[in-house]
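Below, each value reflects all heavy atoms present in this structure, side chains not excepted, and no hydrogens, waters or symmetry copies. Positions are given from 1 along the sequence.
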Amino acid sequence: MFEFDKLCKEIEKIPFDEYAAILTVKTAQVLPALESITINGISGIEIFGSFILASIVADGKLSEEEYLLLYPSMQLFFQDSLRYEDCKEVVKKAAPEVRELKKIVNEMVDVIGMLSEELKSDIITISLLICAVDGKISFKEKQYIKQLIKD
């Protein structure tokens with residue numbers, strides 16, 4: 001537990017301009033590994049896209065920093081231009097769907113179980129980066145991420 005809290009603090013200190021670069025590298029490492037995975041008829045990439053959205057709404061809010069950081073990735077996943085106001089509306093509607101978030105996390109845990117420790121670590125790092133982009137990983141966000149770490 002101590003190591004997780006230490007990792008959270010380190011990620012919270014990353015300057016905003018470095019987030020996008022780290023996120024891009026980690027995503028580029030993860031996506032190819034997810035292409036060959038399918039769980040219950042859903043591709044690993046689709047599960048990862050849902051997981052990214054779940055990471056965004058883990059605390060029930062969407063900051064402009066989260067939106068700006070994730071906009072390029074969201075365009076890749078959803079192949080559409082998503083305005084900040086539209087994303088905020090989606091988050092507002094999705095935040096109460098706690099059961100759906102748990103389902104998404106469970107699916108991502110299944111996907112992670114098929115990957116190497118390095119890729120598992122990259123996915124957790126991606127989630128931490130998303131949650132920390134506003135400068136703080138909240139208690140709710142930590143609880144959300146901890147579900148991925150369980151073996």
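Between atom CD of residue Gln29 and atom OG1 of residue Thr24 there is a gap of 11.0 Å, rounded to the nearest 0.5 Å. Atoms CG and CG, on Leu115 and Asp110 in that order, are 11.0 Å from each other to the nearest 0.5 Å. Put simply, CD on Gln147 and CD1 on Ile112 are 11.0 Å apart, with the number rounded to the nearest 0.5 Å. In this structure, the separation between CG on Asp122 and CD1 on Ile22 is 11.5 Å, given to the nearest 0.5 Å. Here the CD1-CD distance, from Ile130 to Glu141, works out to 10.0 Å after rounding to the nearest 0.5 Å.
Contact detail for Thr125 and Lys26: the closest heavy-atom pair is CG2-CE, 4.2 Å. Summarising the geometry of Leu7 relative to Leu128, their closest heavy-atom pair is CD2-CD1, 3.5 Å, with the distance given to 0.1 Å. Phe4 approaches Ile145 most closely through the heavy-atom pair CE1-CG2, 3.8 Å. The shortest heavy-atom contact between Tyr144 and Ser127 is CE2-OG, 3.7 Å. The two residues Glu12 and Ile137 make their nearest non-hydrogen contact at OE2-N, 2.7 Å.
Shown here are the side chain to side chain contact (heavy atoms under 4.5 Å, CB included) partners of Gln143, two or more places apart in sequence or in another chain: Phe139, Lys146. Shown here are the side chain to side chain contact (heavy atoms under 4.5 Å, CB included) partners of Pro15, two or more places apart in sequence or in another chain: Asp17, Glu18.
Under the 4.5 Å side-chain criterion, counting only non-hydrogen atoms from C-beta, Ile126 is in contact with Phe48.
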Quick one: side chains of residues 34-43, donor-acceptor pairs under 3.5 Å with protein atoms, not counting sequence neighbours, listed by atom name and distance.
from, atom 1, to, atom 2, distance (Å)
Ser43, OG, Glu46, N, 3.0
Ser43, OG, Glu46, OE1, 3.3

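Looking only at distances, no side-chain donor or acceptor of Ser121 sits under 3.5 Å from a matching main-chain atom of Glu117.
Cluster annotation: Val25 is not connected to Ile123 through the hydrophobic network of ILVMFWY side chains, with a link wherever side-chain heavy atoms come within less than 4.5 Å.
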